[in-house]
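As the structure is a computational prediction, the values presented were derived from the model and not from experiment. Read the numbers this way: they start at 1 and go in the same order the structure lists the ligands and their atoms.
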Amino acid sequence: MLIFILNAGSSSLKYQLMNHATHRVLASGLCERIGIDGRIIHEANDLKTTTDVDFPTHKEAIEYVLKLLVEGKQKVIDTIEHDIDAIGHRVVHGGEYFNQSVLIDDSVIRKLEKLIPLAPLHNPAHILGIKICLELMPGKPNVAVFDTAFHQSMPACNYMYAIPYEDYTEHKVRKYGFHGTSHSYVSQEAAKLLNKKDSKVIVCHLGNGSSVCAVKEGKSMDTSMGLTPLEGLMMGTRCGDLDPAVLAYLMEKKNMSANEVVDYLNKKSGLLGVSGISSDLREIMEASAKGDTRASLAIDIQCNRIKKYICSYAGVMGGVDAICFTAGIGENADLIREKVCSGLEFMGIEIDKEKNKIRNSNTREISTDTSKVKIFVIPTNEEFVIANDTYNLTKA
Ligand code: AMP
């Protein structure tokens with residue numbers, strides 16, 4: 001089955017065409033600057049091209065991608081109509097409506113529209129992407145795969161904020177959590193490696209956006225992101241956990257509106273804000289190695305936060321069998337993994353420094369032979385989860 005996977009953002013579109021049976025990606029790419037001017041980076045048949053194309057709206061971008069799949073040097077299929085079987089959409093916010101992926105119909109679209117206030121940047125773009133696919137590829141099944149769905153299993157004591165209960169019932173203010181497809185995939189891979197049904201796993205998804213998740217017996221028990229992806233760990237440009245009074249204080253001191261402060265905490269903070277160098281960890285590690293103290297501080301804050309979450313989640317689950325590292329930083333930055341794990345030997349977490357340094361793109365164990373808790377590096381594959389759920393919901 002060939003599945004077209006779409007991740008529609010406000011001015012961008014990420015896509016893949018995947019053969020579900022073989023996991024092979026036939027084509028992939030990114031349309032950027034939609035509504036501004038337009039550019040497409042497309043890879044197929046071992047050929048990667050970057051082309052400036054005018055994309056006034058998402059529709060022109062998707063039309064262009066579909067044309068590339070069937071025409072020219074990067075052609076990978078004969079016709080859209082016969083060769084694409086289904087479409088899987090990444091959707092950021094499923095609120096409390098969706099605890100699993102779902103086949104899209106009118107009622108699903110209506111629910112996604114109702115959720116726009118909770119994800120004003122993301123859900124409108126996803127709805128647009130869905131509607132365009134329904135128009136350009138009529139009759140094909142479309143599936144929505146949510147970042148939040150995996151976390152719907154959290155108990156109320158973990159998802160409720162300590163504010164008046166009416167804010168939950170009337171305004172749906174609660175922790176939702178994100179990166180659910182990644183946490184679900186990585187924790188399942190870890191459970192297979194542990195060969196234990198009642199496993200307790202902590203997944204550290206550390207990328208530009210980062211979150212930690214406590215997964216007990218395959219279910220999300222708690223996670224570090226909240227109502228929005230701003231809560232929790234320190235990230236590339238996001239502050240993570242913060243005394244909420246900081247908002248009012250900054251509004252007054254810097255003469256900012258509420259929206260401006262939230263934007264500041266989302267886009268100017270985190271690694272970028274503390275280091276003053278970059279949101280990219282590689283640049284910060286380079287500066288730290290040359291003695292830049294703010295770069296070193298940014299790294300220390302990030303590692304400390306991750307460590308605190310690991311300890312508290314082990315407490316919440318009553319123990320932990322495995323710590324998993326995934327995403328850009330988790331998969332590649334041995335320094336971060338070592339700093340996070342060091343000092344946790346009292347919990348039975350012992351990292352093997354040599355194994356940790358080995359670089360490859362495979363799933364691997366990096367704990368010592370005597371470590372009670374396994375430490376794994378597991379490359380995430382969110383597209384595969386989207387393809388798999390789409391397959392399961394649409395197979396005849
Ligand atoms: P992601 O959002 O999963 O693509 O991850 C992006 C983050 O991963 C950025 O902060 C990168 O600096 C970081 N990253 C990617 N490769 C490496 C590497 N080899 N060493 C350290 N950090 C890396």
Side-chain angles (χ1 to χ4, degrees), residues 5 7 9 12-16 25 28-30 32 41 43 48 90 92 121-122 147 177-187 189 203-213 223-225 228-230 232-240 266-290 292 294-306 324-341 351 353 355-364 366 376-386:
I5 301 161
N7 180 355
S12 68
L13 272 178
K14 252 172 132 176
Y15 58 88
Q16 277 192 5
V25 176
S28 64
L30 172 69
E32 295 175 312
I41 303 160
E43 195 168 358
K48 190 170 179 176
R90 181 218 176 193
V92 164
L121 296 178
H122 292 100
D147 272 24
F178 298 87
H179 290 144
T181 45
S182 178
H183 289 303
S184 159
Y185 174 80
V186 172
S187 60
E189 292 299 298
V203 181
C204 305
H205 177 111
L206 311 177
N208 199 26
S210 299
S211 66
V212 187
C213 184
T223 192
S224 57
M225 284 179 166
T228 76
L230 185 55
L233 299 178
M234 176 193 194
M235 305 174 219
T237 59
R238 293 177 219 153
C239 61
N266 263 305
K267 297 187 183 151
K268 304 239 163 69
S269 303
L271 290 171
L272 172 68
V274 174
S275 71
I277 295 169
S278 167
S279 62
D280 190 308
L281 182 72
R282 283 167 292 200
E283 289 180 40
I284 293 170
M285 290 199 311
E286 250 181 70
S288 166
K290 287 183 191 149
D292 187 297
R294 272 175 60 183
S296 303
L297 175 65
I299 293 172
D300 288 346
I301 297 176
Q302 191 185 38
C303 294
N304 237 19
R305 288 257 176 109
I306 302 166
C324 308
F325 290 96
T326 193
I329 295 171
E331 291 166 32
N332 298 300
D334 50 289
L335 174 87
I336 301 295
R337 294 192 299 255
E338 187 181 323
K339 277 174 87 71
V340 166
C341 294
I351 194 163
K353 290 185 182 173
K355 282 191 207 161
N356 182 41
K357 284 201 182 96
I358 299 168
R359 290 194 169 218
N360 62 44
S361 53
N362 301 329
T363 289
R364 53 204 189 271
I366 55 166
F376 298 124
V377 177
I378 302 180
T380 194
N381 195 341
E382 293 168 278
E383 285 77 17
F384 175 69
V385 176
I386 297 174

Which of these passes side chain to side chain donor-acceptor pair (under 3.5 Å) with Asp334: Lys357, Arg359, Lys353?
Arg359
Main-chain N/O of Tyr185 paired with Glu382 side-chain donor or acceptor, under 3.5 Å
no
Return the closest protein heavy atom for atom 22 (N) of ligand 1 as residue, atom name and distance.
Arg282 CG, 3.7 Å
Counting non-hydrogen protein atoms only, what is the nearest one to atom 3 (O) of ligand 1? Give residue, atom name and distance.
Gly328 N, 2.9 Å
Shortest protein heavy-atom distance from atom 10 (O) of ligand 1, along with the residue and atom involved
Leu281 N, 3.2 Å
Between Glu283 and ligand 1, which part of the residue brings a heavy atom under 4.0 Å of the ligand: side chain, backbone, both or neither?
neither
Starting from atom 2 (O) of ligand 1, locate the nearest protein heavy atom and write down its residue, its atom name and how far away it is, to 0.1 Å.
Asn208 N, 2.8 Å
Got a donor-acceptor contact below 3.5 angstrom from the Arg238 side chain to the Pro229 backbone?
yes
Ligand 1 atoms in contact with Ala333 (distance to a heavy atom under 4.0 Å):
21 (C)
With distance as the sole test, does Thr237 use its side chain to make a donor-acceptor pair with the main-chain N or O of Asn266 at under 3.5 Å?
yes
Gly207 heavy atoms within 4.0 Å reach ligand 1 at atoms 1 (P), 2 (O), 3 (O), 5 (O)
Spell out, as yes or no, whether a donor-acceptor pair under 3.5 Å connects the side chain of Arg90 to the backbone of Asp147.
no
Any sub-3.5 Å donor-acceptor pair from Ser187's side-chain atoms to Ser184's backbone N or O?
yes
With a 4.0 Å cut-off, strictly under, does atom 12 (O) of ligand 1 pick up any protein heavy atom?
yes
Tell me if a side-chain donor or acceptor on Ser288 pairs with a main-chain N or O of Ala295 at a distance below 3.5 Å.
no
Of all protein heavy atoms, the one nearest atom 7 (C) of ligand 1 is Ile329 CG1, 3.8 Å
Please report which non-hydrogen protein atom sits nearest to atom 18 (C) of ligand 1, along with the residue it belongs to and the distance in Å to one decimal place.
Asn332 CB, 3.3 Å
Are the side chain of Asp280 and the backbone N or O of Arg282 linked by a donor-acceptor pair below 3.5 Å?
yes
Can His205 be said to touch ligand 1, with heavy atoms closer than 4.0 Å?
no
Polar contacts were defined as any N/O atom of the residue lying under 3.5 Å from an N/O atom of the ligand; does this apply to Ala327 and ligand 1?
no
Is a side-chain N or O of Thr380 found less than 3.5 angstrom from the main chain of Thr326, in a donor-acceptor match?
no
Against heavy atoms of Arg359, which atoms of ligand 1 measure under 4.0 Å?
19 (N)
Where does Glu331 meet ligand 1, judged by heavy-atom distances below 4.0 Å: at the side chain, the backbone, both, or neither?
neither
